[in-house]
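None of these values were measured; they are calculated from a predicted model.
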Amino acid sequence: MLGFCVDQACAQSVSGQGKAPVRHHPVASAASPGSKPHPVSRPEVISVSARRRSAADVARHALDSVPGGVSVIDAKQVLKGRNFTNADALAFQPGVFAQSSGGGDGLRLSIRGSGIQTGTNYFRSGILMMFDGLPVTTPAGTPYELFEPLGLRYTEVLRGANSFDYGGLQLGGAINYVSQTGYDASPFEVRAEAGSFGYNKQQVSSGQVLGKSDYYVSITKSYRGGYQQQTAASSFGVEANYGYRFTDNISTRIYFRYRQTENGYPGYLTRDQILSNPKQAQSTYVTLQSKRIQPGTKWYGDMTTIRIDDRSKVEVGFDYQDAPIDIETGTTSAAWGYKTVAGVLRYKRDDTLWGHASQTTFGLDTYTDLEAWTTNRTRVGTGSFAGVPTGTIVRHTSYGGTDNYFHISNNFEAFHGFWITAAGALDFIQRSTNVWYPTQSGTGTSSVNFTPRAGFRYVVTPHVTLYGNVSRSIQPPNDWQLLSGNVYTSGLASGLNSSGVDLKNQTATTFEVGTRGDLLRNHWSLSYYHSAVHNELLSVMTPLSQLYGNATYSNASPTTHQGVEASLDTDLVKWTGGALGLRQAYTYQDFRFNHDAVFGNNKLPGIPAHFYQGEIHLDLKNGFYAAFNAQVSSKVSGAYDNTYYAPSYHIFNANMGYQWPKKHRQVFISFNNLANKHYASIVVPGYKAAGQQLAVMQPGDGFGVFAGLSIGL
């Protein structure tokens, strides 16, 4: 596709296309002091390109207007190796802590400390997660089973309040997964991966343009026996979208996603158990054949874009989600039913005010529970359930919630290259929970809040940008978290929560400063942030809840989150036949209590203070590529009293492959954890260790070899 390139980010001019059009205009030449400038002619060259910028490059250019930490992950880079979980897709992102264990879909996912206490078998908290700008997050949090890493064009990561224009007002910000379409897909493509621990995965996809319409469909299937005992994982999913352009200014795209998964549950291990034999599981869960099943989650969406004129456009979207869950980990099962609906309205406009550029965005984002409930039933006929028929109802609860965010922001160029951002949001939030059986109780909360934001962005040169911002964030509790605290002490429901608690919204005031740019073969981003957090939503294990094995959610005393997020991509050597490069991502996280009555100034457990990923990679123009990378983590506290830690670790991986030039064909082989290091990849902390070892850790994979191929027409 040929097009006129008028900005630096556009593709380079191509020889053999004929001479580019030349326009002449008078400019003032340099003159000696006292002389009058005289007009001269200088050609302005507008080059013609036969190569469009990639979709990821276009997204990066659009996010340049954000005065804070953002990044874009190009799916082409991720596809060079194994793509099993989102931990693979979210690697090398500063500020993002994404770790998997056991090979399942459940992740330990946190940005700037969001949801650091949430385990791997729970909905994600503290981050707005989206498909193509449409919310997947609900009042219950974010179901994780739909996030298949294959079938994407790119992923946007907007840390903290830098997700404001998406309606992402939570502490962690937002992640937006953008799907492939018929415009960038092959008519037919197959991909297969296989390797250690009984792993295999297959994908069949197709996409193309048909007149004014286009389509893309992807079918995936995977299985993994597991590195650790009791961690077998399987999945099957379908992703599809269909787009239609009514006119040059009006288009719509319909989305559908379906995925079913089953993941074994091994429980948690102590530090010594992981160091000595990380393949073991807790015997109780082996005996119970514990697992979590997502029998078939469905997500339907539509986004319509109306370009009003060259300066303004409107985006209108909605989605519907049906996420049933069957958790069979203990002596009782928990069947969950969640049906939610969400809608977005975004209006964007470019203006000139008093001779200065102005960019305005107005948005409305809403998501609401239509149906939300849990029914617990007996799974075994022994112990306290002796003589009780399997499947007997033990407890039934329901939940409710709605989130409504009205937000407006403006970027104003005060003078050349210096932009000021002003924004504000009005938030209406409701939460409720009710126990209907064996007794009845209920609780609920509602609130109206104002969330402001201000910032600046200074483009010092086309290669260097400085930025800073101050913002408020708000994070309501997930609706099911209100059912916490009190438990039944007798009867079939003994040990299960009996009533709700009053949880307040978590709020924070955050300031951030940083820079991004590219200079001397280096492309960097660097941010420092400091958040004063109030009513942080944390999970704890009290002596009573430890007795029954339930986590208790509560609001903490004031806490502080601060950290550094840094990335650096460097071209070490370039020549006509290829390049040798180095990419690095470093995250420093200092999260702590502020004079807590019990824990003083202790650091919050569950996440490392230092986390580094680095990779040296070779990319040849003939299609061959190879990489060697390292992941390094400092020790992680396993309890709020900071007396028990998972040890620090470093693991090394290697990857190599071949991409046929100008063809949709690729092969690769990956070697993970080359030294077969025993380490804890996930820590979900206990309350007080008092110097003792708690079973709060899950191991990372040992040494493994994985290979894959992709063939497209």
Would you indicate whether Lys279, at its atom NZ, is surrounded by more than 12 heavy atoms from other residues, nucleotides or ligands within a distance under 6.0 Å?
-> no
Could you check whether the rings of [X] and [Y] sit parallel, tilted or perpendicular, using 30° and 60° as the cut-offs?
{"X": "Tyr258", "Y": "Phe256", "answer": "parallel"}
{"X": "Phe611", "Y": "Phe97", "answer": "perpendicular"}
{"X": "Tyr242", "Y": "Tyr244", "answer": "parallel"}

Partner of Arg253 under salt bridge (charged side-chain N to carboxylate O under 4.0 Å, His left out), chosen from Asp214, Asp302, Asp319 | Asp214
I'd like to know if [X] and [Y] make a salt bridge, using a cut-off of under 4.0 Å between side-chain N and carboxylate O.
{"X": "Asp184", "Y": "Arg153", "result": "yes"}
{"X": "Glu189", "Y": "Arg191", "result": "no"}
{"X": "Arg257", "Y": "Glu148", "result": "no"}

Examine Phe147 together with Phe131 and report whether their ring centres are nearer than 6.0 Å.
-> yes
With distance as the sole criterion, is a donor-acceptor pair present between the side chains of Tyr612 and Gln631 under 3.5 Å?
-> no
Would you say the side-chain atoms of Tyr177 and Asn86 include a donor-acceptor pair closer than 3.5 Å?
-> yes
Sequence neighbours excluded, the answer for ring-ring contact (aromatic ring centres under 6.0 Å, His included) partners of His610 is Tyr588
